[in-house]
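Presented below is the structure to which this report refers.
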There are 2 protein chains.
Amino acid sequence: MALVRPDIMCGVCPTKANGFNYGAYTCNACKMFFRRSHTNPAEIHECVTDGNCVQLRDCRYCRFQQCLNIGMVIPKQLKPEITEIIQNLLYLDAHRNNTFSVYVSLDNLSLEDAIFSDSMKLTEKTPSYVPDYYDWSSMDHLAAIEFMKKFEFFKFLSKAEKRSFIKTSYIHIIVLCLAMRSVGLKSQEFVYPNGVDVFPKEIQVMFQKCPSVLADVRCPLVARIHELKVTREEFVLLTAIITCNPGNEAYTVFNQEIISKYQQAYTSALVQYCLHTYQQFGPTRVNDLLSLCFLLGKAFEGFGSVWTAYMVAQNDGKVKKLHTDFLKYFLD
Amino acid sequence: MALVRPDIMCGVCPTKANGFNYGAYTCNACKMFFRRSHTNPAEIHECVTDGNCVQLRDCRYCRFQQCLNIGMVIPKQLKPEITEIIQNLLYLDAHRNNTFSVYVSLDNLSLEDAIFSDSMKLTEKTPSYVPDYYDWSSMDHLAAIEFMKKFEFFKFLSKAEKRSFIKTSYIHIIVLCLAMRSVGLKSQEFVYPNGVDVFPKEIQVMFQKCPSVLADVRCPLVARIHELKVTREEFVLLTAIITCNPGNEAYTVFNQEIISKYQQAYTSALVQYCLHTYQQFGPTRVNDLLSLCFLLGKAFEGFGSVWTAYMVAQNDGKVKKLHTDFLKYFLD
DNA sequence: TAACCAGGTCACAAGGTCAC
DNA sequence: GTGACCTTGTGACCTGGTTA
Ligand SMILES: [Zn+2]
Ligand SMILES: [Zn+2]
Ligand SMILES: [Zn+2]
Ligand SMILES: [Zn+2]
């Protein structure tokens, strides 16, 4: 419909602009011309007047020069290998998300089971089934572990290395996914779908006198991710960087180097993605994103402290093995 | 592919047209014939019937004549000095247009202020601001005067000459621009953007018993410009020719000659543009365009009469100085 | 919700080719 | 020289996602 500024002229030819295209006010024709000049590999050369044409629309060379002069830019394509890395991660993440939201685990699996079973027994949720905290939490664990196991190098690790690989990072992955999902649900704090709390009833009761303890765990990371408007692409690259953590004495030197190479590749992809998307603000963006790991560590410790406090206070065996495994890890 | 208008016939020979080629609907054969007639320098002459052949496809001479008759043209490059003149005017006009649509004058400027101030105080309109008749009208005046002051010779004129230069032509410029803008807005009569009338409420009320008076002012010029499909290039050349009006006793002989030279240059540019663009119809086109000045004069007088009638009927001081200045000019 | 913009689509005109 | 057919660049219009 009507432009807000209806009478701005095209910066290339003497017609009305139809909007702000590729960084300048131009008419539709000049917009299309500029776009084609980038998609068509054919070079633009030969100008009769040696670059001094007045009727810019009649000379491809001078028209293109004028486009550049008024600052038109088409953001360069990301290198295909970078897009491929991101596509693969997006695919893995979509699968993780699907596992999380569509299935439920009816068994009481241990961490060991989750790490080493080739395919976990999962049941599709019926539409009428209303998952509770334990359902969501279990699926969070299982989906994250499944996600991590999909990394190519996983199958070449020894049993001990596999165990160590998962244990080192899976809680961080869970918490980051939880935060990202919460932002998607327009929440300002960690939350499971349908408003299910990320702490079981018992813990909520235990801390009802000092709710700020739980709030301090729930809010900061989610708020920051919301504030930064972290994209799905940035999110999956972050999960990959966190997953490929080489700082672990369980690895052979060889495998440690492999994992380190992967982490470097994902970090490099994140840098290139940010430089491409945010141009001169790219480095700042990378820094902002990597700084999320600090808040992620805080949240991680927060969950750990709350659960530790709860377990110390009472241990009635109601907690699933996955959780006690997780807690053992903290108490160690 | 089927043509959208498949039923149109070739303007040269009795076959279906294949499209709009070189300025007329023709079949492919006649299109190719016309093109070759321009690339091949071989003269076309000798017609058995002395130019009265009926089977046009059998006589090269008569076929070519018919091509010209239906207005077929192969555009040649215009001389660069002509395109440069036009380009400069298009630039000035775009600037005038921008001033008109983007800014608003908050002061109550007199004509004297507008002519002699080096830079007028203008305010950028906020998106929410809805200009009324007085806003548009003031900006019409200011943008037109600013446009005229940009002509190179203006700064060499004496104060009295400057005043005279502007006063002689600025209303004509305003009216012509108004007409051209109205055509661009697909209106059949003078109109400001967003449907604002070109007469203030008071005058509309005064003439509501005999609306044909206002309609006779509003319509003829706009209708004719629409009918002729006047291009932006032709329009700016016309404004330049009208601006450089040497018939004014205020000028020194020297300056009068300068202005006259400018007017000749612009007229010559218009002729060459039309000859180039319309070939054998060029002279007719020039005539049609210059005849617009007659309708322009009519519209000018119409505005003058209406306003004079209004001012005679009542004078409550509500009118801005620019307008009273304009009316004094009529009453003199 | 509407304005906006990147990108896609396709009818179209101009120029080239080649058998005739 | 002719004209059917092809290739290419063009720009009006549409579409879907994003943002205020
Ligand atoms: Zn343009
Ligand atoms: Zn050029
Ligand atoms: Zn024909
Ligand atoms: Zn003949």
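The chains referred to below are lettered A, B, ... by the order of the sequence lines, with proteins before strands, and numbering in each begins at 1.
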Among residues two or more places apart or on two chains, list those pairs meeting salt bridge (charged side-chain N to carboxylate O under 4.0 Å, His left out) that have a residue in residues 78-90 of chain B.
none
Sugar-phosphate atoms are those with a prime plus P, OP1 and OP2; base atoms are the rest. Using that split, label each nucleotide of nucleotides 11-20 of chain D B, S or - for protein heavy atoms under 4.0 Å, 5' to 3'.
BBB-------
Closest to the side chain of Tyr22(B), out of dG15(C), dG8(C), dG9(D), is dG15(C)
Look at all strands and tell whether Arg35(A) reaches a base, only sugar-phosphate, or nothing, counting heavy atoms closer than 4.0 Å.
base
Using atom CZ of Phe34(A) as one end and atom P of dG8(C) as the other, report the distance to the nearest whole Å.
16 Å
For Phe64(B), all residues meeting ring-ring contact (aromatic ring centres under 6.0 Å, His included), sequence neighbours excluded
Phe34(B)
Taking NE2 from His38(A) and P from dA6(C), how many angstroms apart are they, rounded to a whole number?
13 Å
Could you state the OH-C1' distance from Tyr25(B) to dA11(C), rounded to the nearest angstrom?
12 Å
Arg60(B) CZ to dG3(D) C1', straight-line distance once rounded to whole Å:
14 Å
For the residue pair Met72(A) and Asn21(A), what are the closest heavy atoms and their distance?
CE-O, 3.7 Å
For Phe20(B), give me all partners under ring-ring contact (aromatic ring centres under 6.0 Å, His included), at least two apart in sequence or on another chain.
Tyr25(B)
Any side-chain N or O of Asn40(A) less than 4.0 Å from the OP1 or OP2 oxygen of dG9(D)?
yes
Considering non-hydrogen atoms only, spot the tightest contact between Leu237(A) and Leu270(A) and give its length.
CD1-CA, 3.7 Å
For Glu227(A), give me all partners under side chain to side chain donor-acceptor pair (under 3.5 Å), at least two apart in sequence or on another chain.
Arg224(A)
Contacts of Phe190(A) meeting ring-ring contact (aromatic ring centres under 6.0 Å, His included) (sequence neighbours excluded), chain-then-number -> Phe303(A)
Which residues pass the side chain to side chain donor-acceptor pair (under 3.5 Å) test with Tyr22(A), not counting sequence neighbours?
none
Find the distance Asn21(B):CG to dC12(C):P and express it as a whole number of Å.
12 Å
Quick one: stems for DNA chain C, with Watson-Crick or G-U pairs under 3.5 Å, at least three in a row?
C:1-20 with D:1-20
Only pairs under 3.5 Å count here: list side-chain donor-acceptor contacts from residues 87-100 of chain B, not counting sequence neighbours, and write none if there are none.
residue: Asp93(B); atom: OD1; partner: Arg96(B); partner atom: NE; Å: 3.1
residue: Asp93(B); atom: OD1; partner: Arg96(B); partner atom: NH2; Å: 2.8
residue: Asp93(B); atom: OD2; partner: Arg232(B); partner atom: NE; Å: 3.2
residue: Asp93(B); atom: OD2; partner: Arg232(B); partner atom: NH2; Å: 2.7
residue: His95(B); atom: ND1; partner: Lys150(B); partner atom: NZ; Å: 3.3
residue: Thr99(B); atom: OG1; partner: His95(B); partner atom: O; Å: 3.0
residue: Thr99(B); atom: OG1; partner: Glu146(B); partner atom: OE1; Å: 3.0

